[in-house]
Amino acid sequence: MSRSPAVNALSSEASKPAPSTSVAGSRLAALNAWVAEVAGLTTPAAVHWCDGSDEENAALVAQMQADGTLLPLNPATHPGSWLHRSDPDDVARVEHLTFVCTSREEDAGPNNHWLAPAEAHARMDALFKGCMTGRTMYVIPYCMGPIDSPLSRCGVEITDSPYVVANMRLMTRMGAPALARIEREGVERADAFVKGLHSIGELDPARRFIMHFPEELAIKSYGSGYGGNALLGKKCHALRIASYQARHEGWLAEHMLIVGIENPSGETHYVAAAFPSACGKTNLAMLIPPEGYQREGWKVWTVGDDICWMRPGADGRLYAINPEAGYFGVAPGTSAKSNPNALATINANAIFTNVGLTADNQPWWEGLDNGERPATDWRGNPYDPDKGPAAHPNARFTVSAKQCPSWSPMAEDPQGVPISAIVFGGRRASLVPLVFEARDWTHGVLVGAAMGSETTAAATGAVGVMRRDPMAMKPFCGYNFADYFSHWLSFDGAGAALPKVFHVNWFRKGDDGRFLWPGFGDNLRVLEWMIGRVKGDAGAVETPIGHLPTPADLNLDGVALTDEARGKLFGFERSGWQAEFASIGEYLDGYGPRMPQALKDEQSRIAALLAD
Ligand code: O2Y
Ligand code: MN
């Protein structure tokens with residue numbers, strides 16, 4: 001180390017007193033050694049160990065308000081809430097700059113960008129060298145999942161961004177309790193925490209990389225302060241690193257929401273669902289039952305909206321936790337109609353990133369539909385509709401999950417919730433019916449492996465192009481997809497009592513280009529059918545692609561569907577599926593010889609049925 005930075009010097013920068021409960025260093029030698037090594041490389045002026053306290057947060061927020069990183073929102077309408085404007089060139093995840101650095105390239109697989117670990121470290125360390133000079137380095141101990149859960153895993157993120165600290169405090173269990181767990185576990189195991197190193201650097205897209213080292217349980221991210229690039233607990237740890245860890249330890253780290261459906265008898269079934277971005281995951285996780293269902297006593301409980309860690313319990317069922325403690329949700333399109341629970345969740349104590357502002361400092365975005373008008377756009381310029389939207393299409397809110405009216409207290413259960421059904425889905429204008437059930441686990445894995453979605457303008461710039469995104473994990477699986485499918489198949493062993501697997505498509509269109517299914521709260525009708533299938537009391541017809549309900553098998557009271565809608569939502573189109581299965585076969589072959597034979601056999605079995 002070239003020099004010793006001041007430890008816990010937050011008070012010298014902030015307008016509020018230093019937090020009294022800060023921890024200066026750890027009792028775990030391995031953690032202290034890594035922090036010292038990073039400080040030696042990045043040469044910060046000060047090191048602050050985060051304890052997660054309210055005092056610490058207040059000091060950081062005051063500091064960020066003073067330097068313009070955070071702007072206060074209207075305290076009457078949005079108490080305790082802030083606006084952050086990111087660099088205009090730093091507004092989204094950057095898949096092309098995201099790498100998985102395993103010793104052997106084939107272990108990262110064709111689904112990842114790869115660099116040899118030594119080269120990746122060398123490149124990143126060159127960027128990190130001296131990058132925190134004059135700045136404070138924050139050490140953030142965090143726990144993904146309930147602090148006392150055996151399913152949870154810890155990490156430590158080192159960053160030079162106080163915005164990241166404030167977001168990690170909402171998105172994870174961060175601070176003193178996490179450090180205590182890391183210290184306790186660190187005495188016994190070398191893998192007690194994932195090491196995440198982050199710097200905003202110069203925010204230069206040409207000097208921006210997000211590198212993962214699954215074999216070392218390490219992450220290095222440089223040059224972005226935005227979302228999943230910078231909040232390393234989320235996509236980097238809880239999906240890319242955790243999926244690798246899960247494979248070796250016999251569990252699953254998935255890009256899934258977790259929702260509890262309580263029927264009028266008070267029985268709750270938990271459903272985990274994977275959808276690619278822009279398919280309404282947060283809306284489904286926070287669904288409001290249709291009026292008739294509400295009258296009957298149906299309730300919906302939100303356990304998680306994005307990530308799900310599952311492992312087999314003693315009874316053979318899969319038990320799931322949401323590793324996150326907050327939501328990093330897309331603001332545009334969120335309204336009292338599309339997601340009233342989300343809107344209620346973000347009324348207070350939220351950080352908004354890249355939204356517009358009304359004249360009286362309320363956050364504003366396209367699709368909010370609350371009667372207000374924007375005065376300022378996400379860049380901070382006077383709003384001019386000719387110059388683009390007021391909010392960036394990827395504008396976000398960060399907020400504690402507990403503020404959601406449908407938040408499930410079971411989200412804190414250390415044992416997790418038992419999963420009755422796994423749902424895969426995508427945005428498919430044609431061919432794919434509203435819902436079907438996989439014949440068995442192997443078929444379910446194929447359904448997940450083959451799933452795809454049509455792109456929306458917000459996501460890619462190209463509209464309506466079908467992209468396969470297995471289990472919605474394409475950007476997030478930390479190892480070779482072929483091995484990932486083998487891992488999924490391996491759960492079907494003796495004593496397993498696995499969930500049923502379904503596929504849904506809320507986005508089927510009619511000949512006039514309009515959606516045929518009302519979606520939103522009415523999706524509960526489909527979830528009710530799934531639970532009926534799990535319990536063995538809902539009907540279906542068998543087809544080569546799986547079990548499909550007839551319209552009579554769903555409760556469609558109060559839903560007006562045309563004949564065309566009934567035909568397309570509940571129909572099976574043999575010739576279209578023949579072409580689809582040929583394409584699925586080609587897709588699986590693209591992963592080469594590591595692709596499990598059982599999955600190829602399943603594809604062939606269904607292709608043969610379709611040919612009959
Ligand atoms: O992580 C980001 O920076 C934005 S993308 C995102 C954010 C929250 C949840 N899911 C996603 C996603 O792309 O799946
Ligand atoms: Mn996501």
Side-chain angles (χ1 to χ4, degrees), residues 261 271 273 275 278-280 283-284 287-296 298 337-338 421 423-439 443 447 450-456 463-466 500-533 537-584 606 609-612:
I261 311 296
V271 174
F275 300 97
C279 287
N283 295 350
L284 187 66
L287 178 149
I288 305 269
E291 262 180 30
Y293 278 73
Q294 287 184 37
R295 271 197 305 276
E296 284 176 20
W298 289 82
K337 178 171 178 289
S338 70
V423 180
F424 296 117
R427 190 178 270 276
R428 300 289 297 260
S430 59
L431 183 66
V432 181
L434 178 63
V435 57
F436 61 89
E437 175 196 327
R439 189 181 68 137
H443 181 201
V447 169
M451 74 186 236
S453 204
E454 282 150 16
T455 51
T456 59
V463 187
V465 180
M466 214 285 282
K500 276 188 177 287
V501 179
F502 299 87
H503 187 281
V504 298
N505 176 23
W506 315 133
F507 302 97
R508 186 73 193 259
K509 287 185 175 168
D511 293 339
D512 61 0
R514 295 163 72 125
F515 292 120
L516 295 173
W517 178 247
F520 300 108
D522 288 305
N523 293 338
L524 182 56
R525 300 171 192 278
V526 177
L527 296 174
E528 182 191 8
W529 177 76
M530 290 176 190
I531 293 166
R533 293 296 295 167
D537 55 23
V541 290
E542 200 174 335
T543 76
I545 61 160
H547 302 288
L548 265 73
T550 68
D553 293 317
L554 255 71
N555 174 358
L556 294 176
D557 288 354
V559 184
L561 294 180
T562 60
D563 287 346
E564 183 200 14
R566 282 170 189 262
K568 289 185 168 152
L569 292 170
F570 297 94
F572 158 63
E573 296 165 23
R574 185 176 292 269
S575 65
W577 278 104
Q578 285 171 349
E580 176 77 1
F581 262 78
S583 147
I584 292 170
I606 297 174
L609 286 176
L610 286 164
D612 283 349

* Grab the two heavy atoms, one from L287 and one from F520, that are nearest each other, plus how far apart they are. => CD1-O, 3.6 Å

* To do: First locate atom CG of N523, then atom CG of N283, and finally report the distance between them rounded to the nearest 0.5 Å.
  => 9.0 Å

* For the residue pair H503 and F436, does the interplanar ring angle fall in the parallel (under 30°), tilted (30 to 60°) or perpendicular (over 60°) class? -> parallel

* Structure fact -> On a heavy-atom basis, the closest approach of L561 and R566 is O-NE, 3.6 Å

* Backbone N or O of N555 within a donor-acceptor pair of the R525 side chain at under 3.5 Å? -> yes

* To do: May I ask you to decide whether K568 forms a salt bridge with D511, counting only side-chain N to carboxylate O separations under 4.0 Å?
  => yes

* Asked: CZ of R514 to CD of E564: how many Å apart, nearest 0.5 Å?
  -> 11.0 Å

* To do: I would like to know whether T543 and W577 meet side-chain contact (heavy atoms from CB on, under 4.5 Å); could you show each step before the answer?
  => CA-CA 11 Å; T543 76; W577 278 104; over 6 Å; no

* **Backbone N/O of A429 and side chain of E454: donor-acceptor pair under 3.5 Å** => yes

* Please examine the side chains of F275 and S453, heavy atoms only from C-beta on, and report whether any two atoms are closer than 4.5 Å. => no

* From R428 CZ over to R508 CZ, what is the distance, rounded to the nearest 0.5 angstrom? -> 9.5 Å

* **Heavy atoms of other groups near D512 CG, more than 12 under 6.0 Å** => yes

* Assess whether side-chain contact (heavy atoms from CB on, under 4.5 Å) is satisfied between L610 and F572, documenting all intermediate values. => CA-CA 11 Å; L610 286 164; F572 158 63; 3.6 Å; yes

* Side chains of I545 and F581: closer than 4.5 Å at any heavy-atom pair? -> yes

* Structure fact -> Rounding to 0.5 Å, atoms NZ (K500) and CZ (R439) come to a distance of 12.0 Å

* Asked: Below 4.5 Å, heavy atoms only, C-beta onward: do S430 and E573 meet side chain to side chain?
  -> no

* Do Q294 and I288 come close enough that some side-chain heavy atom pair is under 4.5 Å? -> yes

* Taking W529 for its side chain and G539 for its backbone only, find out whether a donor-acceptor pair lies under 3.5 Å. => yes

* To do: Heavy atoms only: give me the nearest A273-L284 pair and the separation to one decimal.
  => CB-CD2, 4.3 Å

* Asked: Quick one: are V504 and M530 in side-chain contact, heavy atoms under 4.5 Å?
  -> yes

* Structure fact -> Tightest non-hydrogen contact, residues L524 and P290, listed as CD2-CD, 4.0 Å

* Residue pair G426 / N505: nearest heavy atoms and the distance that separates them -> O-OD1, 3.3 Å

* Write down the atom of P551, the atom of L556, and the distance for their closest heavy-atom approach. => O-CD1, 3.6 Å

* **Distance in Å, L527 CG paired with L554 CG, rounded so as to fall on 0.5 Å steps** => 10.0 Å

* Rounded distance [0.5 Å steps], CZ in R533 versus CZ in F502 -> 7.0 Å

* **Evaluation steps, side-chain contact (heavy atoms from CB on, under 4.5 Å), between F507 and V432** => CA-CA 9 Å; F507 302 97; V432 181; over 6 Å; no

